[in-house]
Q: 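One structure is given below, represented as structure tokens, and several questions about it will come after.
Each ligand, and each atom within it, is numbered from 1 in the order the structure gives.
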Amino acid sequence: MKKAIITGITGQDAAYLAELLLQKGYKVYGTYRRTSSTNFWRIEELGIENHPNLILLEYDLIDLSSAYRIISEVEPDEIYNLAAQSFVGVSFTQPIATAQITGIGAMNLLEAIRTINPKIRFYQASTSEMFGKVHAIPQNEETPFHPRSPYGVAKVFAHWATLNYQESYNLFATSGILFNHESPLRGKEFVTRKITDAVAKIYLGKQEVLELGNMDAKRDWGYAKEYVDGMYRMLQIDEPGTFVLATNQTQTVRDFVSLAFNAIDIDIVWEGKEDKEIGKNSKSGKTLIKVNPQFYRPAEVDLLIGDASKANEKLNWKPKTTLKELCNMMVKKDLERNENGGTF
Ligand code: NDP
Ligand code: GDP
């Protein structure tokens with residue numbers, strides 16, 4: 001039986017990846033960090049929290065000693081490093097913590113692998129945020145990095161550390177540069193889920209208005225469940241490498257808002273510009289969306305659109321779910337959750 005450690009089991013991607021690896025017959029060791037009230041709602045929603053082959057281990061990315069401990073104890077075949085301070089917005093207010101968790105945290109694992117068992121295969125969760133300021137589109141494995149947030153900077157460090165350990169010590173250390181991927185399990189601080197949750201609440205009369213920041217930003221949004229399959233494939237081939245996963249489609253935040261309201265049969269008409277922009281219900285004329293500059297970032301990533309040809313060719317990986325399908329799925333789930341009283 002193959003053994004895999006997945007860091008960040010309380011997060012979106014780790015929950016889906018754990019589900020996939022369990023289906024493939026793995027023993028999965030999911031790590032979580034100690035908090036006063038640990039929340040396993042994602043693995044609970046997927047119904048895997050009591051799976052006999054899922055073992056939960058306490059682990060903090062910034063604690064090198066616990067990296068040594070878990071790797072020595074578990075003796076894994078594969079490690080997927082999905083844990084991170086993953087929210088760009090918070091990285092501006094907590095840049096040092098972000099650097100330590102998201103940057104050094106990855107190196108702690110690489111160092112432990114190098115000394116304990118260099119045969120362990122390692123996946124690093126890199127991000128399209130590393131491309132940052134637009135230098136070329138669509139972005140692929142050759143596009144230069146120009147990160148625009150402390151999160152992007154920390155991820156560039158972890159990405160290069162991964163490649164450096166691959167080159168220096170011959171580790172099977174792979175970096176997946178994943179463009180934004182969403183799902184009903186996405187955290188509510190991220191814009192898609194913030195929108196779908198608000199649409200559900202507005203539909204049910206629990207919220208009046210949705211406040212957002214920069215709606216001109218364009219993102220290449222895919223479905224998280226398909227992206228974790230790409231991660232798995234990256235560790236099954238013969239050579240380590242760097243792979244972009246993306247849909248090769250891009251939409252503005254405004255487009256996503258319109259799609260989400262369409263899911264409850266509301267058409268939005270847009271009026272005004274910049275921080276005075278509002279979105280109204282086309283029939284009732286009621287204002288449903290306002291801009292609040294509080295959600296602007298000190299520096300923005302304006303446009304992401306990825307080219308996943310390499311993943312298609314080498315991993316036979318291709319995204320299938322359209323943004324409309326994804327958005328409908330998220331609104332539907334948030335309606336269900338809000339109708340049942342609770343949301344995460
Ligand atoms: P989430 O924010 O859902 O999950 C992040 C996980 O990291 C949580 O389990 C969190 O634990 C854990 N974590 C945070 N700090 C620490 C720490 N100090 N020690 C141990 N664990 C910690 O992220 P996603 O699932 O969306 O993303 C997975 C990975 O992929 C992340 O590294 C992210 O940066 C990266 N990525 C994500 C993209 C996306 O669009 N989703 C795009 C590209 C890359 P807790 O619950 O306790 O906070
Ligand atoms: P990111 O691409 O990792 O930063 O993912 P997010 O979902 O956090 O943000 C995507 C884009 O939406 C960014 O360009 C944000 O500036 C923009 N955005 C606009 N309003 C909001 C908001 O209220 N919350 C968040 N999180 N992002 C917003």
Side-chain angles (χ1 to χ4, degrees), residues 6-17 30-43 57-63 66-67 80-92 94 97-98 100-102 104-106 108-109 123-130 132 148-149 151-152 154-155 158-159 175-183 185-195 198 210-224 227-228 231 244-246 252-254 256-257 289 291-304 306 344:
I6 307 176
T7 66
I9 195 69
T10 56
Q12 169 188 258
D13 289 7
Y16 283 123
L17 181 63
T31 78
Y32 65 97
R33 58 178 167 165
R34 199 263 156 196
T35 46
S36 60
S37 52
T38 306
N39 199 336
F40 292 116
W41 69 271
R42 292 183 171 98
I43 52 173
L57 295 176
E58 218 173 85
Y59 168 64
D60 196 301
L61 273 180
I62 60 173
D63 184 30
S66 54
Y80 297 85
N81 181 32
L82 308 190
Q85 191 306 90
S86 62
F87 185 43
V88 170
V90 162
S91 78
F92 286 102
Q94 298 184 18
T98 303
Q100 282 165 342
I101 298 166
T102 305
I104 306 284
N108 283 339
L109 284 168
Y123 173 85
Q124 169 57 21
S126 293
T127 166
S128 52
E129 289 291 318
M130 301 190 308
R148 297 274 282 166
S149 63
Y151 168 75
K155 283 287 189 181
H159 169 78
S175 176
I177 306 182
L178 272 52
F179 283 62
N180 298 52
H181 44 279
E182 320 295 311
S183 76
L185 300 185
R186 188 64 147 146
K188 276 201 284 194
E189 66 274 38
F190 297 94
V191 80
T192 54
R193 179 81 203 293
K194 178 177 171 179
I195 293 166
L210 163 64
E211 292 192 340
L212 293 169
N214 173 19
M215 288 193 286
D216 292 320
K218 290 180 125 179
R219 289 290 180 276
D220 177 330
W221 281 296
Y223 179 27
Y227 285 48
V228 303
M231 296 176 186
V244 160
L245 299 186
T252 62
V253 172
R254 190 181 297 100
F256 191 88
V257 173
I289 304 109
V291 172
N292 182 343
Q294 177 200 320
F295 298 111
Y296 290 164
R297 290 169 180 176
E300 181 59 278
V301 173
D302 295 321
L303 168 60
L304 292 173
F344 294 105

Q: Please work out whether any backbone atom (N, CA, C, O) or any side-chain heavy atom from C-beta onward of Phe295 is under 4.0 Å from ligand 2, and answer side chain, backbone, both or neither.
A: side chain
Q: What protein heavy atom lies closest to atom 27 (N) of ligand 2? Include the residue and the distance to one decimal.
A: Val191 CB, 3.5 Å
Q: Looking only at heavy atoms of Ile62, does any of them come nearer than 4.0 Å to an atom of ligand 1?
A: no
Q: Any atoms of ligand 1 less than 4.0 Å from a non-hydrogen atom of Lys155? List them with their elements.
A: 31 (C), 32 (O), 33 (C), 34 (O), 35 (C)
Q: At less than 4.0 angstrom from any non-hydrogen atom of Leu82, what atoms of ligand 1 do you find?
A: 28 (C), 29 (C), 31 (C), 32 (O)
Q: Could you check whether Lys194 pairs with Glu211 (Lys NZ or Arg NE/NH1/NH2 to Asp/Glu carboxylate O, under 4.0 Å)?
A: no
Q: Could you tell me whether Arg186 approaches ligand 1 through its side chain, its backbone, both or neither, with non-hydrogen atoms closer than 4.0 Å?
A: side chain
Q: What atoms of ligand 1 come closer than 4.0 angstrom to any heavy atom of Ile101?
A: 15 (N), 16 (C), 17 (C), 18 (N)
Q: Going by heavy atoms, is Gly176 under 4.0 Å from ligand 1?
A: no
Q: Please check this pair: side chain of Gln85 against backbone of Phe87, looking for a donor-acceptor N/O pair closer than 3.5 Å.
A: yes
Q: Please classify the Phe87 to ligand 2 contact at 4.0 Å (heavy-atom distances, strictly less than): side chain, backbone, both or neither.
A: side chain
Q: Could you tell me, atom by atom, which parts of ligand 1 come under 4.0 Å of a heavy atom of Tyr59?
A: 20 (C)
Q: Where is the nearest protein heavy atom to atom 48 (O) of ligand 1: which residue, which atom, and how far?
A: Arg33 NH2, 2.7 Å
Q: Counting from 1, what ligand 1 atoms have a heavy atom of Tyr151 closer than 4.0 Å?
A: 33 (C), 34 (O), 35 (C), 36 (N), 44 (C)
